[in-house]
Amino acid sequence: MEPDTEPSAIVYLERHDPDKRMARFYSLHLAPPLFGGCDLVREWGRIGSPGRVRRDPFDTEDDAIEALRSIERNKRRKGYRPWSSYTSAARDGERSDSAYPGSL
């Protein structure tokens with residue numbers, strides 16, 4: 001069986017900075033609208049809070065994926081990392097983010 005080479009259309013990123021008491025999340029995923037095309041749904045906010053939601057319509061799924069990847073790149077440049085990198089570091093004892101609500 002070959003590994004999955006298709007990029008995921010679901011992205012969940014977090015940014016933690018204990019010095020600034022910062023614990024934020026940013027989530028991106030694709031959703032089908034009622035009348036065709038493809039919507040890019042973004043959710044962001046402080047971990048443990050409901051956050052804000054924005055839904056942007058696109059004519060094609062390819063356009064929505066391109067926008068998703070662009071936003072993901074921008075967020076990573078600002079210090080957001082995949083959620084799994086924080087949880088694996090905590091398991092390895094490198095750092096614990098347990099002071100932040102909603103983090104493991």
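Atoms considered below: every heavy atom in the structure, side chains included; atoms not considered: hydrogens, waters and symmetry mates.
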Scanning both residues in full, the closest heavy-atom pair of Tyr26 with Tyr80 reads CB-CE2, 4.0 Å
Does any N or O in the side chain of Arg15 come within less than 3.5 Å of the main-chain N or O of Lys78, such that one atom is a donor and the other an acceptor?
yes
Work out which heavy atom in Ser27 is nearest to a heavy atom in Tyr12; give both atom names and the distance.
CB-CD1, 4.0 Å
What's the separation between atom OG in Ser49 and atom CZ in Phe25, rounded to the nearest 0.5 Å?
5.5 Å
For the residue pair Leu40 and Leu30, establish whether any side-chain heavy-atom pair is separated by less than 4.5 Å.
yes
CG-CZ distance between Leu68 and Arg42, expressed to the nearest 0.5 angstrom:
9.5 Å
Measure the spacing between CD1 of Ile47 and CZ of Arg24 and express it to the nearest 0.5 Å.
10.5 Å
If you define the side chain from C-beta out and look only at heavy atoms, does anything of Leu28 sit under 4.5 Å from Val41?
no
Heavy-atom donor-acceptor pair, Arg81 side chain to Arg76 backbone, under 3.5 Å
yes
Scan the side chains in residues 59-67 for donor-acceptor partners under 3.5 Å anywhere in the protein, sequence neighbours excluded, and list what turns up.
from  : atom 1 : to    : atom 2 : distance (Å)
Thr60 : OG1    : Asp63 : N      : 3.1
Thr60 : OG1    : Asp63 : OD2    : 3.2

Step by step, work out the salt bridge (Lys or Arg N to Asp or Glu O under 4.0 Å) result for Glu72 and Arg69.
CA-CA 5 Å; Glu72 180 183 10; Arg69 293 293 165 226; 2.6 Å; yes
Close side-chain approach of Val11 to Lys75, heavy-atom, < 4.5 Å:
no
Where at least one partner belongs to residues 32-41, residue pairs that pass salt bridge (charged side-chain N to carboxylate O under 4.0 Å, His left out), sequence neighbours excluded:
Asp39-Arg55
